[in-house]
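Data block below; observations after.
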Amino acid sequence: MKNFTVKELLYSGVEIDSIVMVKGWARSRRDSKAGISFITVNDGSCFDSVQVVAENKLSNYETDILRITKDCSVVITGKVVKSLGKGQSIEIVATTIEVVGFVENPDTYPVSPKRHTVEYLRDVAHLRIRTNLLGAVARVRNTVSFAIHEYFQKNGFSWIHTPIITGSDAEGAGEMFRVTGLNLNHLPRTDDGKIDFKQDFFAKETFLTVSGQLNLEAYCLAMSKVYSFGPTFRAENSNTTRHLAEFWMVEAEIAFANLTDNATLAEDLLKYVFKTVLDKNADDMKFFAEFINKEVVTRLESLVNSNFAMITYSEAINQLLKTKVKFENPVSWGIDLASEHERWLCEEYVGQPTIVIDYPKDFKAFYMRLNDDGKTVAAMDILAPGIGEIAGGAQREDRYDVLVSRMNEFGMSQEQLDWYLDLRRFGSVPHAGFGIGLERLISYITGVQNIRDVIPFPRASKLASF
RNA sequence: GCCUCAAUAGCUCAGUCGGUUAGAGCGACGGACUGUUAAUCCGCAGGUCGUAGGUUCGAAUCCUACUUGAGGCGCCA
């Protein structure tokens with residue numbers, strides 16, 4: 001007898017009268033005194049559950065089947081029939097139902113068949129996957145991840161596994177977690193009382209990566225089109241709906257390219273991902289549209305068929321100065337855009353994802369290419385309504401002298417990044433890249449507002465359970 | 001890190017001005033009914049009111065500290 005996933009049963013045209021086996025978890029049980037019970041079974045393969053009809057002539061009807069509660073694990077064998085009821089085209093008339101694992105204490109089982117808040121479900125992250133919401137998120141996350149690889153692979157990019165442990169403390173993207181093999185109770189000291197990292201595993205200070213970009217640039221200047229996709233770590237004590245201490249980031253880097261090429265690539269990638277999700281996860285997206293945010297489907301559909309808006313920082317400042325909307329943070333050329341400014345720009349002024357380019361050099365990273373005006377750098381941020389910054393990137397400074405002087409402005413030691421400067425000495429080319437926060441992207445796609453609900457087991461300040 | 005708000009049944013919440021035995025919905029359990037699918041109806045059980053102090057004749061309610069959570073800001077993806 002063939003084993004089927006629920007998805008195969010519901011959507012692969014399994015023939016009526018086929019004898020099948022399906023395994024999963026009971027979502028609900030409803031009894032009819034006519035002598036039958038209805039058990040819906042979900043196995044995570046798709047949003048919908050398959051309905052199983054259990055007649056009271058089954059040998060374990062009284063002893064087992066009438067004791068089935070939400071999330072008891074079951075193995076069903078039976079015949080596929082056209083459904084007599086509404087809500088599904090087919091159902092399974094069971095010949096056997098084996099309850100593999102009952103749920104102890106169904107009265108206090110954390111994921112009872114009722115609405116739960118996402119805040120509560122975070123405390124039971126190991127069980128929350130059995131809800132419609134978190135199951136749908138998990139499937140979309142998978143689709144997004146695979147689509148990203150698919151896009152790059154179809155377009156000639158190589159996937160580069162940039163290191164997780166880094167010795168560079170100059171990446172500048174944020175506070176870093178330390179990596180050490182030292183015994184924290186007996187730290188070796190140098191003569192002047194500082195910690196002697198020469199005795200540590202790597203014989204130097206090391207950290208978890210905050211970005212694979214610098215390493216990725218090295219591969220870019222040999223392989224032309226590269227990307228990395230993996231976990232990233234930031235030790236910032238950020239307490240928001242859009243920050244995590246451990247998150248996944250996609251970074252792309254292209255050679256012989258400028259900022260426009262970069263923006264085009266990012267936009268094309270995002271559209272591909274949106275289209276793929278709409279295509280593969282229509283039922284999950286329908287659920288988000290119904291229960292989370294009415295607009296998640298329509299806004300993705302319209303994005304796929306339109307161009308992202310692009311605006312320079314200077315134009316953005318002009319518009320922010322023109323509007324009658326009052327901001328907490330005063331607007332003038334030279335300020336870093338605050339959340340309220342970004343939100344107004346993409347939500348009110350433009351109304352869709354917006355690429356802001358050419359920021360003042362003073363608050364952007366040292367590696368961004370200085371524009372000819374001497375005041376701005378070739379940076380770009382992609383802002384998404386409801387989320388804020390979803391991607392950030394830049395054309396890189398490819399001129400050795402300019403890069404060195406920028407590093408000096410930032411008070412950075414050349415010694416530390418000598419290898420990075422080498423890339424400008426030996427066959428340097430204009431190149432550009434960007435990073436996309438995977439969780440922010442999923443948050444935007446699904447409408448699930450808190451980033452902690454779109455990653456399986458969130459790590460954030462004071463949060464490392466499970 | 002800063003600001004604001006919150007913590008009462010398994011979950012979501014109500015609880016008036018500080019006053020007798022702390023309530024509802026959902027869930028669970030029992031029953032009725034039904035090809036049901038967020039079923040419906042009836043019934044029953046379920047509480048050290050986040051923790052520790054304090055004020056008071058009396059505290060879920062007022063005060064202090066702590067813990068945890070949420071939202072906003074900053075940092076950013």
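Order of the sequence lines fixes the chain letters, A, B, ..., with proteins taken first and strands second; residue numbering starts at 1 for each chain.
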From CG of A/Asp336 across to C1' of B/G74 the rounded distance in Å is 11 Å

For nucleotides B/A45 and B/A24, find the distance between their C1' atoms and express it as a whole number of Å. 16 Å

Does A/Ser211 place a side-chain N or O at less than 4.0 Å from the phosphate oxygens OP1/OP2 of B/A77? no

Whole-Å distance separating the CZ atom of A/Arg128 from the P atom of B/C11: 17 Å

Using a distance-only criterion (donor-acceptor N/O pair, under 3.5 Å, no hydrogens), is the base of B/A38 paired with the side chain of A/Arg115? no

So, does A/Glu397 use its side chain to make a donor-acceptor pair with the main chain of A/Leu370 at under 3.5 Å? yes

Spell out, as yes or no, whether a donor-acceptor pair under 3.5 Å connects the side chain of A/Thr446 to the backbone of A/Val448. yes

Measure from CH2 on A/Trp248 to C1' on B/A77 and round the result to the nearest Å. 15 Å

A/Arg122 near the nucleic acid: base, sugar-phosphate alone, or nothing, with a heavy-atom cut-off under 4.0 Å? sugar-phosphate

Determine whether a donor-acceptor pair (one donor, one acceptor, N or O, separation below 3.5 Å) exists between the side chain of A/Ser238 and the base of B/C76. no

Ordered by number, residues from residues 45-64 of chain A within less than 4.0 Å of RNA chain B (heavy atoms) are A/Gln51, A/Val53

Regarding A/Arg67 and the six-membered ring of A/Phe102, is the cationic atom NZ or CZ under 6.0 Å from the ring centre and inside 45° of its axis? yes

Is a donor on one side and an acceptor on the other found under 3.5 Å between the side chain of A/Arg139 and the backbone of A/Gly44? yes

Does OP1 or OP2 of B/G71 have a side-chain N or O of A/Asn450 closer than 4.0 Å? yes

Rounded P spacing from B/U21 to B/A60 in Å: 11 Å

For B/G18, give its Watson-Crick or G-U wobble partner with both distances under 3.5 Å, or none. none

Between B/A9 and B/C5, how many Å separate the two C1' atoms, rounded to a whole number? 24 Å

Spell out yes or no: do the side chain of A/Glu91 and the base of B/G35 have one donor N/O and one acceptor N/O closer than 3.5 Å? yes

Write down the partner of B/G1 under the Watson-Crick or G-U wobble criteria, each distance required to be under 3.5 Å. B/C73

Numerically ordered, the residues 98-111 of chain A set in heavy-atom contact under 4.0 Å with RNA chain B is A/Pro106, A/Asp107, A/Thr108

Expressed in whole Å, how much space separates the C1' atoms belonging to B/G58 and B/G1? 42 Å

Output, in order, the C-alpha distance, side-chain angles, deciding distance and verdict of ring-ring contact (aromatic ring centres under 6.0 Å, His included) for A/Phe177 and A/Phe207. CA-CA 5 Å; A/Phe177 286 105; A/Phe207 308 88; over 10 Å; no

Return the 5'-most residue of the pair A/Ser28, A/Asn329 with respect to RNA chain B, ranking by each residue's nearest nucleotide. A/Ser28

Any donor-acceptor pair under 3.5 Å from A/Thr323 side chain to A/Leu321 backbone: no

Check whether any side-chain N or O of A/Ser12 sits under 3.5 Å from a backbone N or O of A/Val14 as a donor-acceptor pair, and report yes or no. no

Does the separation of the ring centres of A/Phe457 and A/His126 fall below 6.0 angstrom? no

Could you check which nucleotide pairs with B/U12 in any of the strands shown, counting Watson-Crick or G-U wobble with both distances under 3.5 Å? B/A24

Does the separation of the ring centres of A/Tyr272 and A/Tyr151 fall below 6.0 angstrom? yes

Tell me if a side-chain donor or acceptor on A/His341 pairs with a main-chain N or O of A/Ile317 at a distance below 3.5 Å. no

How long is the line joining CZ of A/Phe287 and P of B/A38, in whole Å? 12 Å

Using a 4.0 Å heavy-atom cut-off, does A/Thr69 contact any base of the nucleic acid, only the sugar-phosphate backbone, or nothing at all? sugar-phosphate

With distance as the sole test, does A/Gln395 use its side chain to make a donor-acceptor pair with the main-chain N or O of A/Leu259 at under 3.5 Å? yes

Using the C1' atoms only, state how far B/G19 lies from B/A28, rounded to an integer number of Å. 35 Å

Say you pick atom C1' in B/U51 and the same atom in B/G25; how far apart are they, in whole Å? 29 Å

Round to the nearest Å and state the distance from A/Tyr120 atom OH to B/C13 atom C1'. 15 Å

Using a cut-off of 4.0 Å on non-hydrogen atoms, how would the nucleic acid contact of A/Arg343 be classed: base, sugar-phosphate, or nothing? sugar-phosphate

Respond yes when some side-chain nitrogen or oxygen of A/Arg452 is under 4.0 Å from OP1 or OP2 of B/A70, and no when none is. yes

Could you state the atom-to-atom distance from CD1 of A/Ile36 to P of B/A39 in whole Å? 16 Å

Complementary nucleotide of B/U68, counting Watson-Crick and G-U pairs under 3.5 Å: B/A6

Starting at atom CG of A/Asn239, determine the distance to atom C1' of B/G71, rounded to an integer number of angstrom. 9 Å

Would you verify whether the NZ or CZ of A/Arg299 falls within 45 degrees of the ring axis of A/Tyr444 while also being under 6.0 Å from that six-membered ring's centre? yes

Can you list, in residue-number order, the parts of residues 138-152 of chain A that come under 4.0 Å of RNA chain B, counting heavy atoms only? none

Let me see the working for A/Ser45 and A/Glu8 under side-chain hydrogen bond (donor to acceptor under 3.5 Å, both in side chains), right down to the final yes or no. CA-CA 9 Å; A/Ser45 61; A/Glu8 288 167 338; over 6 Å; no

What contact category does A/Leu438 fall into here, base, sugar-phosphate, or nothing, at under 4.0 angstrom with non-hydrogen atoms? nothing

Which part of the nucleic acid, if any, lies within contact of A/Asp123, taking any heavy atom under 4.0 Å across all strands shown: a base, the sugar-phosphate backbone alone, or nothing? nothing

Quick one: A/Leu66 CG to B/C29 P, roughly how many Å, whole number? 11 Å

A/Ser83, nearest nucleotide to its side chain (from B/U36, B/C76, B/C73): B/U36

A/Tyr61 vs A/Ser37, side-chain hydrogen bond (donor to acceptor under 3.5 Å, both in side chains): CA-CA, chis, key distance, verdict: CA-CA 9 Å; A/Tyr61 186 79; A/Ser37 293; 2.7 Å; yes

Assign A/Arg67 to base, sugar-phosphate, or nothing according to its heavy-atom contacts below 4.0 angstrom with the strands shown. nothing

Among B/A77, B/C76, B/U68, the one nearest A/Met249 by side-chain distance: B/A77

C1' spacing across the pair B/C11 / B/G27, given as an integer number of angstrom: 7 Å

Distance criterion of 3.5 Å, no angle test: do you see the side chain of A/His116 paired donor-to-acceptor with the base of B/C11? no

A/Arg452 (side chain) donor-acceptor with A/Thr241 (main chain) under 3.5 angstrom: no

Residue whose nearest RNA chain B nucleotide is more 5′ - A/Phe38 or A/Pro113: A/Pro113

Which of these nucleotides, B/G1, B/C26, B/G74, is closest to any side-chain atom of A/Lys114? B/C26

Return the nucleotide paired to B/U48: Watson-Crick means purine N1 to pyrimidine N3 with N6-O4 or O6-N4, wobble means G-U with N1-O2 and O6-N3, both under 3.5 Å. none

So which nucleotide does B/C41 pair with, by the Watson-Crick or G-U wobble rule with both distances under 3.5 Å? B/G31

May I ask you to say what A/Thr117 touches in the nucleic acid, namely base, sugar-phosphate or nothing, with a heavy-atom cut-off under 4.0 Å? sugar-phosphate

Distance flag, aromatic centroids of A/Phe229 and A/Trp159, threshold under 6.0 Å: no

